[in-house]
Amino acid sequence: MAGIYVYSDQSRITAELISFARQTGAAAFALCFSIEQAKAIKDFGADKVYVLQGGSPLVENYGRAVADFLKSQGADLFLVGATARGRDIASRVAGHSDCGMVSDVSSVSWTEGRVSCERLMYGGAVIQEELLSGFCVVSIPAGKFEAETGESSEIVVVEVEADNRVILVDTAPIVREGADLSAADKVICVGLGIEKEEDLQLAKDLADVLGAEIGCTRGISEERHWLPVEKYIGISGAAIKPQLYISMGVSGQVQHVVGIRESKIIVAVDTNEKAPIFRAADYGIVGDLYEIIPLLTRALKKDL
Amino acid sequence: MSKTIVCYKWVKDEADIKVNPDLSVDLSKAKGKISDYDKNAIEAAVQAARLLAGKSIGLTFGTPKTKQSLKDALSRGLEEVCWINTEAAAEADGIVTSKALAAAIKKMDDVSLVICAEGASDTYARQTAPRLGALLQWPVITSVSKIQINGDILSASRKLDDCIETVKVKLPAVIAVLPEICNAPIPGLKAVMAAGKKPIAEYQAGDIGIDFTSKSQVSGLKAYAMNRKNIILEGDTSEKIASLVAALKKEGVL
Ligand SMILES: Cc1cc2nc3c(=O)[nH]c(=O)nc-3n(C[C@H](O)[C@H](O)[C@H](O)COP(=O)(O)OP(=O)(O)OC[C@H]3O[C@@H](n4cnc5c(N)ncnc54)[C@H](O)[C@@H]3O)c2cc1C
């Protein structure tokens, strides 16, 4: 049936996408790949929940199957949660459907078969508006719409064929430690300006005094592996909205800054007075973090 | 001989973007660069080609300006580059880009592996690898942080939001690699000199035979407005610290 079809590997995003689809006035259908997932998403008001079953444990292996299914249904639009897996399957479906796709939109509307949306370009420095018409795919990050609950949706199982050329050998869950950065009230952010892993202690001491969480730039977790990946902030990492953000040794490239823009107050400490972080900051101290941070910690300890 | 193709993009450097007071964007002064993470992908291709006892080839789809990238790409250890040279690339969206790249790949024989980076630093749309898989009808693995090659079997670790997945596939395949796959060393003088002598294949739009019309129409471009106080604290170190603590108290954020 015509309408908006949605998929996410996270139920929370599926719920948000169903809610958006319903607001447009179109019929809203949710896709998933197991009865278990279907049960998790059946109470968010979708007209139907389709379970595509084809025996593969990898969602990505259903790219062609989803494209064929959407075509046979006469779908108007396919919305996908922009997670790592979601972006992958969304692009496959776009490829097999020979249609347009917009990735990671920051806002989107759909009227009379036309998508109008905005997305960030150049690491977040620029906002681009795009228009598409006809069937297309849009990937949308978490948190763009309010989820709603609705009557229990009918669950329909559809047998499809998976592409089994990629074989799953093993899955190891990533265990998350500490608090969720996106909910933190204060964040101390460590950049590549710190020299050794032990020096993270400087950030920890400051964080203890302030009751802050520790975050970092991408290089600290992905190149140096000093902090887990969920601690890095930016366009490909976490987006944060604390009252206070303090950076140390962070140059402030746009890909990082885009993740801190919602902070109330931004403080930067960096030796390079020309570092772009100072243009993104409310208060800046040009100086050596090894000197400034311990003194700041001491001053706050005395004061708080 | 087995070929490993790495797709890379010549992009405008976001650090050179000028923002006008009305928030319109001036890209005219922006210099070009090989997209940051494509450099890691190029090195990954050089290493993979070695494991496959074959050749590594760079493939880029870009406007005439992309010519500047060819020597840089070759100095990174690739043995050849192939350039689809057309003005149409400036307006290309994901569908056009992937069709152009796929068309060039189909012209080559014995391709074992196609490598893309995680995403380009300008659009960061992350569509190319999965779309290429669909067009070439090859299997695809994205978010790859590590690979191993044994004969014609490639195993990959995928770093996803909540797990690390190990998968395997029989080649040929398309993979999209994360920058942590390997470092991207700065080419030495010798490599730069050698690059000038390496072969370059060039295609024009007509050789590629695809429809270059994008499905997605760009209807506006503006800079993100960043309104911050931009106060640099002055004085000696203890004065700077005291001013900062006072300011943070006044803001009510302590
Ligand atoms: C497609 C794409 C996506 C990306 N996504 C992200 C992302 O999500 N998040 C992210 O963070 N990055 C991301 N990046 C990388 C980003 O462009 C920057 O490279 C990165 O943010 C830089 O990290 P940094 O500031 O820690 O390091 P650097 O840029 O190396 O900066 C280090 C800073 O430390 C300062 N310093 C050195 N010593 C001292 C000292 N003793 N005291 C004080 N200051 C000192 C230096 O002056 C410098 O300013 C992305 C890049 C691309 C291309």
Side-chain angles (χ1 to χ4, degrees), chain A residues 63 83-85 87-88 91-92 94-96 99-103 121-132 136 163 165-174 210 222-223 235 243-244 254 261 264-267 278-287 291-292 295-296 299-300 303-304, chain B residues 12 14 17 25 93-95 98 121-127 130-131 133-135 139-143 155 159-170 178-180 215-224 226 228-233 237-238 240-242 244-245 247-248 251 253-254:
Chain A
T83 58
R85 238 188 251 289
R87 287 184 193 102
D88 179 325
S91 312
R92 285 177 203 244
H96 287 294
C99 71
M101 170 172 164
V102 215
S103 304
M121 292 277 291
Y122 297 103
V126 171
I127 304 163
Q128 174 161 298
E129 265 173 47
E130 293 186 31
L131 297 173
L132 288 103
C136 61
D163 170 354
R165 290 175 296 179
V166 176
I167 299 160
L168 178 64
V169 178
D170 182 43
T171 313
I174 296 175
L210 287 169
E222 288 200 341
E223 282 163 38
I235 195 163
Q243 289 290 303
L244 177 61
V254 61
R261 278 170 176 169
K264 181 169 179 228
I265 293 293
I266 296 177
V267 177
F278 290 120
R279 293 202 292 278
D282 295 292
Y283 299 97
I285 294 184
V286 178
E291 183 192 0
I292 305 291
L295 289 173
L296 179 61
L300 287 168
D303 243 294
L304 294 179
Chain B
K12 290 192 169 135
E14 64 279 5
I17 296 175
V25 180
D93 63 355
I95 190 169
S98 53
S121 51
D122 55 354
T123 60
Y124 203 32
R126 292 169 273 188
Q127 295 181 19
R131 278 191 183 267
L135 291 164
V140 183
I141 308 173
T142 59
S143 301
S155 322
K159 202 172 201 176
L160 298 166
D161 302 305
D162 54 356
C163 66
I164 309 265
E165 215 172 71
T166 311
V167 296
K168 64 177 184 188
V169 72
K170 188 167 180 297
L178 297 171
E180 62 182 295
K215 298 272 185 195
S216 143
Q217 180 198 335
V218 175
S219 54
L221 205 65
K222 62 172 189 284
Y224 188 96
M226 190 82 187
R228 290 286 167 180
K229 297 194 173 87
N230 300 133
I231 298 171
I232 299 292
L233 301 165
T237 305
S238 59
K240 287 178 187 169
I241 304 259
L244 179 59
V245 174
L248 295 182
E251 298 282 0
V253 292
L254 285 182

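To find a chain, count down the sequence lines: A is the first, B the second, and so on, and within it residues start at 1.
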*If you count heavy-atom pairs under 4.5 Å with chain B, which of Leu300(A), Ile235(A), Asp170(A) comes out on top?*
Asp170(A)

*asked:* If you count heavy-atom pairs within less than 4.5 Å of chain A, which of Thr166(B), Ile141(B), Thr123(B), Ile17(B) leads?
replied: Thr166(B)

*Check whether any side-chain heavy atom of Phe278(A) sits under 4.5 Å from a side-chain heavy atom of Ile232(B), and report yes or no.*
yes

*Which bit of Thr142(B) is near chain A, if near means a heavy-atom gap under 4.5 Å: side chain, backbone, both or neither?*
both

*asked:* Would you say Ser219(B) and Glu130(A) are linked by a side-chain donor-acceptor pair, where the criterion is simply a distance under 3.5 Å?
replied: no

_Leu221(B) versus chain A, the contacting section by heavy-atom distance below 4.5 Å_ = both

_Portion of Asp88(A) that has a non-hydrogen atom of chain B nearer than 4.5 angstrom_ = both

*asked:* Quick one: does any side-chain atom of Asp93(B) pair with a main-chain N or O of Ser216(B) as donor and acceptor, under 3.5 Å?
replied: yes

*asked:* Under a 4.5 Å cutoff for heavy-atom pairs, which residue among Val254(A), Asp163(A), Leu168(A) has the most contacts with chain B?
replied: Leu168(A)

*asked:* Please classify the contact between Ala281(A) and chain B as side chain, backbone, both or neither, with a heavy-atom cut-off of under 4.5 Å.
replied: backbone

*Which heavy atom of Ile241(B) sits nearest a heavy atom of Ile292(A), and at what distance?*
CD1-O, 3.5 Å

*Taking 4.0 angstrom as the limit, do Glu251(B) and Lys229(B) come out as a salt bridge?*
yes

*Heavy atoms, side chains only, cut-off 4.5 Å: are Cys163(B) and Arg85(A) in contact?*
yes

*Taking atom CZ of Arg87(A) and atom OH of Tyr124(B), what is their separation to the nearest 0.5 Å?*
6.5 Å

_Interface moiety of Cys99(A) toward chain B, non-hydrogen atoms closer than 4.5 Å_ = backbone

*Starting at CD1 of Ile95(B), measure out to CE of Met101(A) and round the result to the nearest 0.5 Å.*
11.5 Å

*Is Tyr283(A) close to Asn230(B) at the side-chain level, that is, under 4.5 Å between some pair of heavy atoms?*
no

_Among Leu244(A), Ile127(A), Val102(A), which residue has the highest count of heavy-atom pairs closer than 4.5 Å to chain B?_
Ile127(A)

*Verdict with reasoning, Glu165(B) to Lys159(B), per salt bridge (Lys or Arg N to Asp or Glu O under 4.0 Å)*: CA-CA 7 Å; Glu165(B) 215 172 71; Lys159(B) 202 172 201 176; over 6 Å; no

*Check each atom of Leu160(B) against the heavy atoms of chain A and say whether the ones under 4.5 Å are side chain, backbone, both or neither.*
both

*Max heavy-atom pair count under 4.5 Å with chain A, selected residue of Met226(B), Glu180(B), Arg131(B), Lys170(B)*: Arg131(B)

_Heavy-atom pair count under 4.5 Å with chain B, highest-scoring of Ala125(A), Gly100(A), Ala84(A), Gly284(A)_ = Gly284(A)

_Gln127(B) and Ser98(B): side chain donor to acceptor below 3.5 Å_ = no

*When heavy-atom pairs shorter than 4.5 Å are enumerated against chain A, which of Val167(B), Leu248(B), Leu178(B) gives the highest number?*
Val167(B)

*Out of Ile266(A), Leu132(A), Val126(A), Leu131(A), which one racks up the most heavy-atom pairs below 4.5 Å with chain B?*
Leu131(A)

*Relative to chain B, which segment of Glu223(A) carries a heavy atom at a distance below 4.5 Å: side chain, backbone, both, or neither?*
neither

*Is it the side chain or the backbone of Leu210(A) that comes within 4.5 Å of chain B heavy atoms, both, or neither?*
side chain

*Select one option (side chain, backbone, both, neither) describing which atoms of Val25(B) are under 4.5 Å from chain A's heavy atoms.*
side chain

*Could you check which of Ala172(A), Ala94(A), Cys136(A), Gly287(A) has the highest count of heavy-atom pairs closer than 4.5 Å to chain B?*
Ala172(A)

*By a 4.5 Å heavy-atom criterion (distance strictly below it), what part of Leu244(B) contacts chain A: side chain, backbone, both, or neither?*
side chain

*With chain A, which of Val169(B), Asp122(B), Thr237(B) has the greatest number of heavy-atom pairs at distances under 4.5 Å?*
Asp122(B)

*With distance as the sole test, does Asp161(B) use its side chain to make a donor-acceptor pair with the main-chain N or O of Thr83(A) at under 3.5 Å?*
no

*Shortest non-hydrogen contact between Val245(B) and Ala299(A), atoms and distance*: CG2-CB, 4.2 Å

*Pick whichever of Lys12(B), Lys168(B), Lys240(B) has the most heavy-atom pairs under 4.5 Å with chain A.*
Lys168(B)

